[in-house]
Every structure is written in C-alpha cells, then in structure tokens.
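In what follows, a structure is listed as structure tokens, so that the remarks can point back to it.
All values below were derived from every heavy atom in this structure, side-chain atoms included, with hydrogens, water molecules and symmetry-related copies excluded. Note that the structure is predicted; figures quoted are calculated from it, not measured. The residues of the chain are indexed from 1 along the displayed sequence.
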Amino acid sequence: MRAALERYFEFSRLGTNWRTEFFAGLTTFVTMAYIILVNPAILAQAGIPLPAVTAATCLSAAFGCLLMGIIARYPVALAPGMGLNAYFTYTVVLKMGVPWQTALGAVFISGIAFLLLTAVGIRQLILRSIPKELYAAVAGGIGLFIAFIGLHNAGIITAAPATLVTLGNVRDPQTALALIGVVVIGVLQVWRVRGAILIGVLAITIAAVPFHLVHWKVSSYKLSALTLTAFRLDIRSALHVGLLEIIFVFFFVDLFDNLGTLVAVAKKAELIEKDGSIPRLNRILFADAAATVLGSLTGTSTVTSYVESSAGVAAGGRSGVTAIVTGLLFLLALGAAPLVGIIPTAATAPALIIVGSLMLATVTEIEWTDPLAAIPAFLTLIMIPLSASIANGLGFGVIAYACVHLLTGRFRKQDWLLYLLAVLFLARFVYMANAA
C-alpha cells in the first residue's frame with residue numbers, strides 16, 4: 001500500500017518523502033491557522049453564529065485541502081479567503097443590508113459558476129492565456145506581498161502619516177522576537193535543515209511565553225455547531241437582479257486571486273512544465289470550486305487557494321500529501337481551536353518574511369531589458385503588494401501587456417483571450433471606482 005501511494009503521489013519523480021511532506025503540511029497549516037480565528041471573527045459581525053462559522057471554516061478548509069491533495073495532487077492549501085470575507089460582512093451584509101443567508105446564496109452561485117466554467121474549459125483557457133513573464137511577476141509580487149504582511153504583523157514596519165510606512169519599535173518584544181525568528185530560520189535555511197521554517201516558528205513560540213505573547217483561550221467548537229448555519233443559505237433571494245453584482249464580485253475576484261496564487265505556488269514548487277502548462281489543471285480548479293460550494297452550504301464565505309502554501313513548498317512540499325496533512329490538521333483543529341490560537345504573530349511573521357524572500361527568485365526569469373516584457377511584469381510585481389491584491393496586480397499587468405503590444409503593432413490573433421481579459425480587468429477597475 002505504501003509503495004502504491006508513493007507511486008500515485010510521484011514521490012520518486014518529485015524527489016520527496018513522507019517525512020518531508022508531513023512537515024511541509026504542518027508548516028503550511030501553522031502559517032495559515034490564523035484563519036480559524038480571524039474568519040469567524042469577521043463573519044460573526046454579519047450575524048452568523050460564531051461557533052457555527054468556526055466549524056464551517058475548519059470543515060471547508062479541510063475539505064478543500066483534502067480534495068486538492070487527493071485528486072489534484074498539489075501542495076496547495078485552501079480556506080475561506082481574506083478580503084472576500086470582509087467584502088461579505090462589511091459591504092454586502094452591513095452596508096447593503098443583505099441578510100447573511102442571501103449572501104451565502106450568492107457565494108453558492110459563484111461556486112457553481114466556477115464548476116461550470118471549469119467543466120467547459122474556460123478557466124483553463126484563461127490561465128493558459130497569461131504570458132510567461134507575468135507568471136514570474138505574479139510569483140515575485142506575492143512574495144513581496146506576504147513578506148510585507150509579515151513585516152507589518154511583526155511591527156517591523158508600521159504606518160506613518162508623512163511617509164505612509166516607517167520602521168517600527170525594534171525594542172518591542174514582539175518585533176524583537178520576530179527579527180530573531182528571521183535570523184534563526186535564515187541560518188537553518190543556509191545549513192539546509194529540513195523543516196527550518198517550522199522549527200523557527202516553534203522556537204519563537206516557546207521564546208514568546210515569558211513575554212506573555214502566547215495567549216490561551218478556553219473554548220472549543222464542535223461539528224454539531226454547524227446546525228445553526230448548514231443549508232441556511234437563500235439561493236432564491238440571491239438570484240434577484242439587484243444582487244447579481246454581488247455574485248459577480250465574488251466570482252471575479254476569486255477567479256483571479258485563485259489563478260494568481262496557483263501560478264505562484266506551482267512556480268515555486270517547480271511544477272509548471274517548460275511550455276508553461278500546469279499538469280492536472282482541471283482537477284486543481286475543480287477542487288477550489290467544490291470547496292467554495294461546500295463552504296457556502298456549511299456557512300462561510302468563498303474558499304480560495306492560500307499564498308501561505310508557499311511556506312510548505314519552501315519546507316520541501318511537492319506532492320498532494322502536503323495538502324492532505326494540512327487538511328487533516330484543519331479537521332483536528334475543529335475540536336481544538338484554542339491550541340491553534342496559541343501561536344503568536346511573532347512566530348508566524350518570520351515565516352512569511354522568509355518565504356517572501358524565497359519567492360523573489362522567479363523575477364530572474366523576466367527579460368528586464370525588453371520593455372514589452374519588463375513594463376507589464378513590473379506593474380504586476382509592484383501592484384500586488386501596494387494594492388494588497390493579487391487580482392489588482394495581475395490586472396495591471398494584463399492591461400499593460402495588451403496596451404504595449406497593441407499600440408506597437410505586436411497584436412497576435414492567438415492572444416485574443418488576453419485582450420478580452422484586459423477589457424474585463426479594466427471594467428472591474430471602473431466598477432470598483434464607482435462602487436467606492
């Protein structure tokens with residue numbers, strides 16, 4: 001059985017083993033476990049019962065990870081997406097006055113739309129239409145994005161009225177420990193220690209105890225809590241003409257966030273073929289669409305691929321076993337949410353910073369001396385961290401690529417879908433401006 005599983009997950013071809021995959025899955029889980037606490041806290045403000053949405057968060061994340069690992073065999077983890085959960089709560093429910101049951105119905109419809117587009121091959125065509133230089137730029141941009149998140153969470157970088165950002169207080173215990181964590185993980189990486197990121201996270205967690213940065217909350221969430229939200233979505237109300245724009249936003253933002261994350265993680269794991277194609281693409285896209293549908297049925301917002309998967313890839317994860325381990329840990333977290341919450345920001349921030357630095361290696365694949373490639377790639381690279389959105393960065397890159405090629409007479413008929421994407425991205429930016 002073990003040999004058969006190793007053949008199925010292609011351990012030999014990928015140069016991996018059970019120990020590496022286990023620690024990679026654990027690393028991914030540790031870096032994204034914050035979602036178990038943060039997602040319920042946001043959605044509870046929309047009126048969704050906290051115990052129910054916590055259970056739904058764990059269950060939908062576990063389902064998405066397991067499906068991705070078993071069927072698609074990729075080290076990509078999924079969970080309810082940040083950003084879309086805020087849009088769900090603050091814009092759709094609180095600002096527009098839409099009941100959370102109806103908002104869940106909109107999430108369900110967007111998930112079904114994903115499944116249909118995947119079945120007919122539209123999502124695959126979209127992914128294949130993106131130029132190779134933008135693949136590399138997306139990966140590098142996400143690296144800058146998650147590194148900036150780590151720097152901000154640690155307090156190394158803080159907001160400043162005059163300069164937007166500035167250096168934080170390095171004497172603060174959380175900031176100092178995070179900086180030490182960067183050094184510890186960096187040294188272990190140089191020594192090529194397996195599980196360097198995970199070791200660093202656990203070491204800083206222990207070191208944070210005397211500084212009272214490790215908090216324990218005596219509470220638990222059980223699967224039975226799902227009865228408060230399971231199948232309570234209102235699909236009929238979500239189909240009302242006035243709510244179609246909500247479905248569009250859930251669909252459009254998730255589509256490009258997913259594609260951007262997928263490209264970045266696959267690129268980092270060296271799983272993209274030389275011709276730019278991604279093996280088993282259908283299965284990957286099916287996994288995230290199915291997870292979104294299940295999430296809406298259980299009581300949470302859109303489920304999407306997580307850039308924190310890069311932490312597991314950096315720890316050596318290459319196969320679907322990494323995602324499976326992460327999924328199983330989300331199931332265990334269903335009854336032990338407090339255990340997940342004890343890991344402080346000072347411990348997870350260094351992991352994000354280091355992973356971000358590693359992801360910048362892809363920018364060497366961009367022809368920086370060629371304006372046709374360099375300008376779109378740069379806009380993609382810089383706009384992802386500065387706008388805090390993978391979709392925005394990719395949108396700027398695609399629009400720039402289309403404009404530069406079109407206006408210099410480099411238009412090719414086979415790139416028709418790319419130009420269509422540029423128009424759709426432009427329409428999205430115009431819509432966002434009007435909505436604001």
task = For ring pair (Phe, Tyr, Trp, His ring centres under 6.0 Å), just list the numbers for W18 and F11, CA-CA rounded to whole Å, side-chain angles, deciding distance to a tenth of an Å, and then say yes or no.
result = CA-CA 9 Å; W18 292 103; F11 275 17; 4.9 Å; yes
Give, for atom [atom1] of [X] and atom [atom2] of [Y], the distance between the pair rounded to the nearest 0.5 Å.
{"X": "F114", "Y": "T304", "atom1": "CZ", "atom2": "OG1", "answer": "7.5 Å"}
{"X": "L294", "Y": "L59", "atom1": "CG", "atom2": "CG", "answer": "5.5 Å"}
{"X": "I354", "Y": "Q189", "atom1": "CD1", "atom2": "CD", "answer": "6.5 Å"}

Check: [Y] main-chain N/O paired with [X] side-chain donor or acceptor under 3.5 Å:
{"X": "R73", "Y": "F9", "result": "no"}
{"X": "T89", "Y": "I42", "result": "yes"}
{"X": "S60", "Y": "G295", "result": "no"}
{"X": "Y74", "Y": "L281", "result": "no"}
{"X": "R232", "Y": "T227", "result": "yes"}
{"X": "T292", "Y": "V303", "result": "yes"}

task = Would you list the pairs meeting side chain to side chain donor-acceptor pair (under 3.5 Å) in which at least one residue belongs to residues 347-366, sequence neighbours left out?
result =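 Non-adjacent pairs meeting side chain to side chain donor-acceptor pair (under 3.5 Å): K267-E365.
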key: Pairs meeting criterion side chain to side chain donor-acceptor pair (under 3.5 Å) with involvement of residues 308-333, two or more places apart   =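 Every side chain to side chain donor-acceptor pair (under 3.5 Å) pair that includes a residue of residues 308-333, provided the two are not neighbours, is E21-S319, E21-T322, Y34-E308.
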ask   = If you look only at pairs with a residue in residues 57-69, which of them pass as a salt bridge (charged side-chain N to carboxylate O under 4.0 Å, His left out), with sequence neighbours excluded?
value =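 For residues 57-69, and leaving out neighbouring residues, there are no salt bridge (charged side-chain N to carboxylate O under 4.0 Å, His left out) pairs at all.
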message = How about CH2 on W368, more than 12 heavy atoms from neighbouring residues, nucleotides or ligands closer than 6.0 Å, or not?
response =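 Counting neighbours around CH2 of W368, more than 12 heavy atoms of other residues, nucleotides or ligands fall under 6.0 Å, so yes.
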query = Is atom CD of Q414 surrounded by more than 12 heavy atoms (other residues, nucleotides or ligands) closer than 6.0 Å?
reply =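 Atom CD in Q414 is crowded, with more than 12 foreign heavy atoms closer than 6.0 Å.
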message = Check the orientation of Y419 and F411. Use parallel for under 30°, tilted for 30 to 60°, and perpendicular for over 60°.
response =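 Correct class here is tilted.
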ask   = P40 and side-chain contact (heavy atoms from CB on, under 4.5 Å): which partner among L50, I35, N85?
value =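 The residue from L50, I35, N85 that satisfies side-chain contact (heavy atoms from CB on, under 4.5 Å) with P40 turns out to be L50.
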